[in-house]
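So the structure is just underneath, and the comments pick up after that.
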2 protein chains.
Amino acid sequence: MKQEIGYITSLIGDPVRTKILWTLLDGRAYTATELALCADTSPQNISMHLSKLVQADLLAVESQGRHKYYRFSRPEVAYAIEAIGNLIPDEKHKKITGNTNNAAIKHCRTCYDHLAGKVGVLLTEQLIEQKLIEPEGAVYLVTKKGRSFFSEFNIDTDELKKSRRIFAKPCLDWTERKPHLAGALGAAFLEKMLLSDYFRKTKDSRAIVITAKGREQLYDRFKIQA
Amino acid sequence: MKQEIGYITSLIGDPVRTKILWTLLDGRAYTATELALCADTSPQNISMHLSKLVQADLLAVESQGRHKYYRFSRPEVAYAIEAIGNLIPDEKHKKITGNTNNAAIKHCRTCYDHLAGKVGVLLTEQLIEQKLIEPEGAVYLVTKKGRSFFSEFNIDTDELKKSRRIFAKPCLDWTERKPHLAGALGAAFLEKMLLSDYFRKTKDSRAIVITAKGREQLYDRFKIQA
DNA sequence: GGTATAGTTAAGTGTAGATTGAAGTGTTAA
DNA sequence: TTAACACTTCAATCTACACTTAACTATACC
């Protein structure tokens with residue numbers, strides 16, 4: 001039973017669970033009650049749904065005091081949800097989540113734990129253009145020039161490669177339909193840019209706002225007018 | 001309603017519809033009754049499910065006489081289903097579809113309309129190794145050497161590029177977890193290899209058998225012992 | 001200690017939507 | 001021109017499983 005796709009699809013298929021997964025796509029860990037709010041349902045109900053998702057190894061839990069934090073158990077889950085997002089009938093992507101601020105989310109957002117949207121795609125294209133990373137098969141390699149670039153952000157690429165997680169790979173952007181940088185490097189890069197206050201996360205959305213500082217840097221380094 | 005993921009996930013979530021989608025993953029077009037057999041349900045029921053999938057633009061229909069042939073409306077649907085396949089709990093992939101011939105399907109199969117499985121991945125690696133195609137961003141480019149290679153198979157790569165479909169891209173293999181060649185080129189390549197009788201499709205499975213001729217060619221050209 | 005908050009578990013209920021049965025349209029082939 | 005076949009449509013039925021109500025455990029903080 002557990003080894004069939006039907007098991008996975010039926011899990012993903014429930015509207016409440018879909019909302020949970022869609023919410024977690026911003027890469028943050030959420031508590032059960034936060035998710036209950038997002039999915040607009042009761043604590044008991046969300047608890048039931050979450051336990052099913054954990055049992056199927058789609059989500060992982062971590063207890064912190066009386067809170068329980070839920071997040072994706074592995075990046076493939078996020079990739080699959082994104083792939084499903086790609087199937088949403090086009091029609092100019094009118095209502096993306098039923099929310100309103102779709103312009104912002106198309107422009108600049110997180111995809112699991114890395115940068116996506118128009119800005120994410122442009123940035124990735126520039127990293128390649130400037131020969132900081134280069135595509136090789138279905139992954140990206142970091143060039144010598146790239147290694148020193150990332151070290152400016154306190155990212156030790158050699159150290160990152162040691163992690164179990166895939167180092168750097170393209171992830172298809174569901175609004176731009178072009179690839180953006182994902183994997184351990186993509187995650188680290190976004191993390192450092194958030195730390196450097198180039199970007200700031202928004203409260204209840206995957207949208208990300210670009211700070212004045214970030215705007216300046218994006219233009220100076222990459223000629224991106226964000 | 002139609003512009004939300006919940007709409008898509010709930011469609012994919014039904015067990016009968018999942019079976020339909022999983023079956024169509026071999027790239028063939030199936031009639032309604034064939035699909036009813038695969039999904040082990042009644043004609044009326046399959047008709048209802050199919051019409052929902054068509055309405056959502058996940059499937060396309062073509063009438064031929066009194067038959068109706070169903071297939072994926074676009075490659076992204078197949079990619080999404082494959083991405084979900086990647087989420088099946090590992091445990092050595094014991095029961096892949098509930099069928100028995102899992103060894104064959106892991107070794108050599110179709111993924112939508114191109115070659116996948118161990119052989120598909122090895123072949124793709126060799127195409128890169130021999131500099132017939134080269135990765136560039138999230139797509140593959142065909143080298144000059146590659147152009148003449150494919151023309152041996154009566155594939156006019158320049159002509160192929162004119163189609164709306166993405167020319168050549170890596171697709172993550174859900175058994176090998178490595179990329180294999182997809183897109184218009186991947187589809188054309190498999191088509192020609194089937195025509196040349198290197199491979200033959202099997203009746204009710206995505207598994208593909210390698211002919212003696214194919215085995216020879218794979219070794220001679222690519223040093224692949226299949 | 002006591003009280004508030006976070007989350008879980010168990011039993012009973014309700015309903016969306018899959019399934020079935022019966023009757024229909026259009027197509028093929030004898 | 002009849003019969004068999006491929007598929008659809010429309011009610012009627014059935015049922016899995018999400019949701020609720022209620023009682024419970026565990027942690028936090030005063």
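Atom set for the values below is all heavy atoms of this structure, side chains included, hydrogens, waters and symmetry mates excluded. Residue numbers start from 1 in every chain, and the chains themselves are labelled A, B, ... in the order their sequence lines are given, proteins ahead of strands.
- Of the candidate nucleotides C:dA18, C:dT8, D:dA4, C:dT8 has the atom nearest to the side chain of A:Lys68.
- Positionally, the nearest nucleotide of DNA chain D for A:Ser42 lies more toward the 5' end than for the other of A:Ser42 and A:Gly65.
- The base of C:dG21 is paired with the side chain of B:Gln44 by a donor and an acceptor separated by under 3.5 Å.
- OP1 or OP2 of D:dC17 has not a single side-chain nitrogen or oxygen of A:Lys52 nearer than 4.0 Å.
- Two residues, B:Thr33 and A:Asp14, neighbour DNA chain D, and the one matched to the more 5' nucleotide by heavy-atom proximity is B:Thr33.
- Classified by interplanar angle (parallel below 30°, tilted 30° to 60°, perpendicular above 60°), the ring pair A:Phe153/A:Phe189 is perpendicular.
- Checking D:dA18, C:dA22, C:dA6 against every side-chain atom of A:His67, the shortest atom distance belongs to C:dA6.
- One can place CG of B:Leu53 at 14 Å from C1' of C:dG17, the figure rounded to the nearest angstrom.
- Checking B:His49 against B:Gln64, the closest nucleotide of DNA chain C that is more toward the 5' end is the one next to B:His49.
- For B:Arg66, taking side-chain heavy atoms from C-beta onward, the closest of the listed nucleotides C:dA18, C:dT20, D:dA4 is D:dA4.
- The side chain of A:Asn45 places no N or O atom within less than 4.0 Å of a non-bridging phosphate oxygen (OP1 or OP2) of D:dA18.
- Heavy-atom minimum distance, A:Asp197 versus A:Thr211: O-OG1, 2.6 Å.
- Residue-level contact check: A:Thr31 touches the backbone only, with heavy atoms under 4.0 Å from sugar-phosphate atoms and none from bases.
- Note: A:His114 and A:Tyr112 have perpendicular aromatic rings, judged against thresholds of 30 and 60 degrees for the angle between ring planes.
- Nucleic acid contact class of A:Tyr69 (heavy atoms, under 4.0 Å, all strands): none.
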